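Small disclaimer: the values here were computed from a predicted structure and weren't measured. The first residue in the sequence is number 1, and the count goes up from there. Hydrogens, waters and symmetry mates play no part in the numbers below; they use all other heavy atoms, side chains included.
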Amino acid sequence: MEAEIHIRPITAADNAQMAALVQSNLRAHGLDIPGTAYFDPELAHLSRFYGERPDRRRYFVAVDDAGTVLGGAGLAEFDGLADCAEMQKLYLADSAKGRGLGTRFVRLIEDSARALGYRFLYLETHTDLTAACRMYEKLGFTVIERPAGVQHGTMNRFYIKEL
């Protein structure tokens, strides 16, 4: 029997597992390089970063019954476009992939962004993350040119969706 997966807001106890998950995913795709989330200064303290602005930011983790973090996704303000949030750090453990969890996270982030008053949702990724690109396009995100204000210089695929 497959374990139940629960999605909830991140806590400080989740920070280390989530940072390791992000870094292992990027390393697996050869993206453990400067200009990616691999080196983000807030990566080891996601709960603090997203908790600093609860009126503009959210981060959620998926955990199994044993409390193991299987993935996470967040949103924060994006200064490059008006009324726009950025979906950030959507990463899944290999054991959680292919089970619809990515789609659940995207829908949750969309709903959360709407609830916070955002009208658009932006994201940046890399063309090497082909499964992610397919999912975003299937869920109605449109490819756009690189906007001003891109934080991760190595990322080369940019999307927007009107909420």
Is a donor on one side and an acceptor on the other found under 3.5 Å between the side chain of [X] and the backbone of [Y]?
X	Y	result
R56	E52	no
T36	L31	yes
R146	M155	yes

- prompt: Between T125 and C133, does a side chain to side chain contact (heavy atoms under 4.5 Å, CB included) hold up when you go through it step by step?
  reply: CA-CA 8 Å; T125 189; C133 292; 3.8 Å; yes
Indicate yes or no: at least one non-hydrogen side-chain atom of [X] is less than 4.5 angstrom from one of [Y].
X	Y	answer
F120	L163	no
T130	R134	yes
L101	I7	yes
R157	L129	no
F158	V143	no
P147	I160	no
M18	Y59	yes
I5	V63	no

In terms of side-chain heavy atoms, does [X] have a donor or acceptor partner in [Y] at a distance below 3.5 Å?
X	Y	result
Y159	E137	yes
N25	K89	no
H6	D64	no

Exactly one candidate in Q88, M87, E86, R114 meets side chain to side chain contact (heavy atoms under 4.5 Å, CB included) with I109; the answer is M87
Salt bridge (Lys or Arg N to Asp or Glu O under 4.0 Å): pairs with one or both residues in [range], sequence neighbours excluded:
range	value
residues 5-16	R8-D14
residues 23-33	none
residues 100-109	R107-E110

Notebook entry, point to check: Could you go step by step and tell me if E124 and Y122 meet the side chain to side chain donor-acceptor pair (under 3.5 Å) rule?
Noted result: CA-CA 7 Å; E124 54 195 48; Y122 161 83; 2.7 Å; yes
ring-ring contact (aromatic ring centres under 6.0 Å, His included) filter on F105, not counting sequence neighbours, yields none
Applying ring-ring contact (aromatic ring centres under 6.0 Å, His included) to Y118 and not counting sequence neighbours gives none
key: side chain to side chain contact (heavy atoms under 4.5 Å, CB included) between E162 and R119, intermediate numbers included   = CA-CA 6 Å; E162 186 170 355; R119 293 184 44 237; 4.3 Å; yes
Could you go through residues 67-79 and list every donor-acceptor pair under 3.5 Å that involves a side-chain atom there, pairing it with any protein atom two or more places apart or in another chain?
residue: E77; atom: OE1; partner: R57; partner atom: NE; Å: 3.2
residue: E77; atom: OE2; partner: R57; partner atom: NE; Å: 3.2
residue: E77; atom: OE2; partner: R57; partner atom: NH2; Å: 2.8

When every non-hydrogen atom of C84 is compared with those of L81, the smallest separation belongs to CB-O, 3.3 Å
Rounded to the nearest 0.5 Å, the CG atom of N15 sits from the OG atom of S47 at a distance of 3.5 Å
